[in-house]
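Each remark here refers to the structure printed beneath this line.
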Amino acid sequence: MNNGQIAEVFENIAGLLEMQGEKVFTIRAYQRAARTIERLPSELEDMVREEKDLKEIPGIGKAISEKIAELVNTNELAYYDRLKAEFPEGILDLMQIPGLGPKTTRRLWKELDVTSVESLEESIKDGRLASLPRLGKKTAENIARQISFARTKSQRMPIARAMPIATRIIEALRSRCPGIQQIQYAGSLRRYEETIGDIDLVCTSGSPQEVLDALVALPNVVDVLGHGDTKASVYLSDRIQIDLRVVDDRHYGSLMQYFTGNLQHNIQLRDHANSLGLSLNEYGLTHVDDGKLEEFADEESLYERLGLQYVPPELRTGVWEIPAALEHRIPGLVEIADIKGDLHDHTDWSDGRDPMEVMVAAAIDRGLQYLAITDHSVGRGIANGLSIERLSEHMKMVRDLDDRNPGIRLLCGTEMDIRADGTLDYPDSVLQELDWVVASVHSAMGQDRQTMTERIIAAMRNPYVDVVGHLTTRLIGERQPIEADFDAIFKAALETGTAMEINASPERLDLKDSHIARAREIGVPLVINTDAHTEESLDNVHYGIAMARRGWCEPHHIVNTLELPEFLEFLDTPKSERMKVFLRHA
DNA sequence: GCCGTTTTCGGCCCGACTGTTTTCAGTCG
């Protein structure tokens with residue numbers, strides 16, 4: 001049973017306990033455990049097998065660690081089964097409908113025998129729901145509306161879709177509201193979660209009502225979910241919800257902190273504030289004894305006032321970062337400016353859109369010191385992969401462009417298929433002519449875990465394979481990742497001196513954050529690549545940087561933060577010796 | 001259920017909005 005499945009069990013336990021009226025702190029403990037487990041860099045299965053003490057994980061104590069062990073060892077949990085037996089099947093689905101919490105869901109079940117979305121709809125139609133005490137016509141209408149939303153609303157959307165929508169809304173509000181002082185996205189978008197549930201915007205303005213009114217009046221708003229004095233929520237035709245909060249400029253820091261979250265981070269931060277005799281909310285810090293309010297115009301001063309190192313948004317998961325910030329152990333995370341080269345880029349020689357010259361000019365524009373042109377290998381017929389003959393011409397063109405562009409070092413490269421049997425698309429005699437070889441899985445992605453693991457490690461054992469591209473081949477929200485023993489692959493990477501790619505293409509984000517953290521722990525050299533197929537997608541590097549930051553990476557974990565001379569030294573060293581070079585320059 | 005430079009027992013984040021209410025419960029983030 002993998003971490004995602006275990007987390008789901010605890011999430012469900014929390015939901016059922018809520019409906020049972022269990023103590024709120026017990027519920028919260030299960031929710032916290034579920035969230036933490038989702039983000040663990042290592043599989044609990046492995047940790048149990050290696051007899052690691054799970055209680056060292058924050059929020060996991062005796063009871064939950066025993067339940068994890070039972071789940072891992074037997075694939076079942078007696079406690080969970082007993083709990084489930086007390087409720088009708090599918091009741092948790094009802095509680096997923098916005099507006100239906102544990103109390104209401106339980107009443108609908110007990111008083112109206114509603115246990116499914118279908119029977120819920122009937123109870124709305126025939127007026128039974130509205131006739132219950134403390135419910136009413138308006139509530140019934142709202143629930144009916146939420147049901148129809150639930151049918152059309154997309155699940156959490158990939159960050160690549162949410163980011164441009166957020167930017168458009170911000171621009172629209174700016175142009176309509178002269179009173180706006182500051183406006184920015186917060187929430188999961190600012191934390192660079194790979195998927196986004198809704199878009200949270202924070203704003204300061206001399207006239208809050210103007211901004212809130214402007215939001216609900218935007219042309220692509222199809223419904224208003226809330227519209228008060230300081231916040232409003234709307235539903236867009238893009239099938240996404242926008243939450244906007246407006247306060248005065250002098251509260252911007254605490255508002256931004258509050259609205260960036262995540263929930264667990266905020267709970268821990270507020271808990272810590274309490275220990276100092278302070279109470280934290282979105283307006284600032286209140287002294288518990290005399291009620292005096294301290295205000296914060298920026299986040300940095302807020303964290304500092306609490307005696308904490310500043311926590312970058314990408315780290316705010318509520319798992320490890322608050323204790324680290326207290327002890328000033330937050331590392332100096334990698335930034336865009338640290339990236340000196342891009343080592344995975346396509347041109348119109350294969351499936352890229354732009355000619356090589358255009359890509360090179362774009363790379364120079366962005367201040368890169370080196371660029372690897374890595375068009376597809378012959379196996380990718382569909383991507384116009386290069387035959388050995390075309391590859392030879394391709395190399396000539398790269399060398400020629402390199403001569404004519406002294407501002408950048410161009411590398412002859414390939415993105416070469418790792419075939420289903422672990423053999424490679426070009427023979428060694430060809431590979432040794434190339435400067436940089438990205439090896440990727442593009443086919444037979446459904447292989448079983450062991451076959452896939454052996455296939456990838458076999459490729460890594462080739463002395464000319466420099467890096468494994470987009471390891472899991474997932475497309476967020478579209479294609480599941482491969483099944484493989486990632487720990488074994490990372491260990492093989494360290495052993496062979498093969499780098500692992502952090503693919504910054506926002507549809508992929510592959511490696512993902514927890515894998516990055518694990519690879520970093522093991523000591524694998526990492527490379528942040530855009531996999532650009534157009535000149536503008538070179539700008540996607542910020543997504544890769546964010547994933548690396550979420551994996552707590554510093555510049556010295558990332559190979560392509562090396563300056564050109566150091567990188568060339570790395571490149572000129574045989575793979576088996578490369579780790580030494582990497583560590584020396586790190 | 002978890003956790004401890006106050007604590008192994010007694011705490012546990014905080015406020016906005018809505019609907020159905022005359023003072024607040026439920027839900028959400």
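Worth knowing before you read on, the calculation uses all heavy atoms, side chains too, and leaves out hydrogens, waters and symmetry mates. Throughout, a chain's letter reflects where its sequence line sits, starting with A, and its residues are numbered from 1.
- At a threshold of 4.0 angstrom between heavy atoms, the contacts of A:Arg245 are confined to the sugar-phosphate backbone, with no base atom among them.
- For B:dG26 and B:dT20, the C1' atoms lie 11 Å apart once the distance is rounded to whole Å.
- Under 3.5 Å, the side chains of A:Tyr310 and A:Glu304 contain no donor-acceptor pair of N or O atoms.
- Using a 4.0 Å heavy-atom distance criterion, A:Ser279 is classed as a sugar-phosphate-only contact.
- Nearest-nucleotide positions on DNA chain B for A:Lys231 and A:Phe259 put A:Lys231 closer to the 5' end.
- Within the cation-pi definition used here (under 6.0 Å to the ring centroid, within 45° of the axis), A:Lys67 does not qualify as a partner of A:Tyr80.
- Here A:Phe87 pairs with A:Trp109 under the ring-ring contact (aromatic ring centres under 6.0 Å, His included) rule; sequence neighbours left out.
- Heavy atoms of A:Thr139 sit under 4.0 angstrom from primed sugar atoms or phosphate atoms, though from no base atom.
- A:Lys137 comes within 4.0 angstrom of the backbone, heavy atoms only, and of no base.
- Using a 4.0 Å cut-off between charged nitrogen and carboxylate oxygen, A:Lys512 and A:Glu38 do not count as a salt-bridge pair.
- The residue A:Pro133 sits apart from the nucleic acid: no heavy atom pair falls under 4.0 Å.
- Here A:Ile60 lies in heavy-atom contact (under 4.0 Å) with sugar-phosphate atoms only.
- Base pairing of B:dC28: its partner is B:dG15, meeting the Watson-Crick or G-U wobble criterion (both donor-acceptor distances under 3.5 Å).
- Note on A:Ile27: nothing from the nucleic acid sits closer than 4.0 angstrom, heavy atoms only.
- Across all strands shown, A:Tyr258 has heavy atoms under 4.0 Å from base atoms, whether or not it also approaches the sugar-phosphate.
- The P atoms of B:dT21 and B:dG15 are separated by 27 Å, rounded to the nearest whole Å.
- Look at the P atom in both B:dC17 and B:dC13: the space between them is 22 Å, to the nearest Å.
- B:dG1 and B:dT5: their P atoms are spaced 23 Å apart (whole Å).
- The closest side-chain donor-acceptor pair between A:Glu282 and A:His251, if any, does not fall under 3.5 angstrom.
- Here A:Asn266 lies out of heavy-atom contact (under 4.0 Å) with every strand.
- Between A:Arg449 and A:Glu483 no salt bridge is recorded (no basic side-chain N to carboxylate O distance below 4.0 Å).
- Under a 4.0 Å N-O distance rule, the pair A:Asp238/A:Arg168 qualifies as a salt bridge.
- Projected onto DNA chain B by closest heavy-atom contact, A:Asp243 and A:Tyr79 fall at different nucleotides, the more 5' of which corresponds to A:Tyr79.
- Nucleotides B:dC12 and B:dT6 have their C1' atoms positioned 15 Å apart, rounded to a whole Å.
- Residue A:Glu282 is classed as a sugar-phosphate contact, given heavy-atom separations below 4.0 Å to backbone atoms only.
- Between chain A and DNA chain B, the heavy-atom contact criterion of under 4.0 Å yields a 5' to 3' nucleotide range of B:dG1 to B:dG29.
- Comparing the C1' positions of B:dC2 and B:dT8 gives a spacing of 12 Å, expressed to the nearest Å.
- Using C1' as the reference atom, B:dT7 and B:dC3 are 9 Å apart when rounded to the nearest Å.
- Side-chain contact annotation: A:Gln31 with A:Glu11, donor-acceptor N/O pair under 3.5 Å absent.
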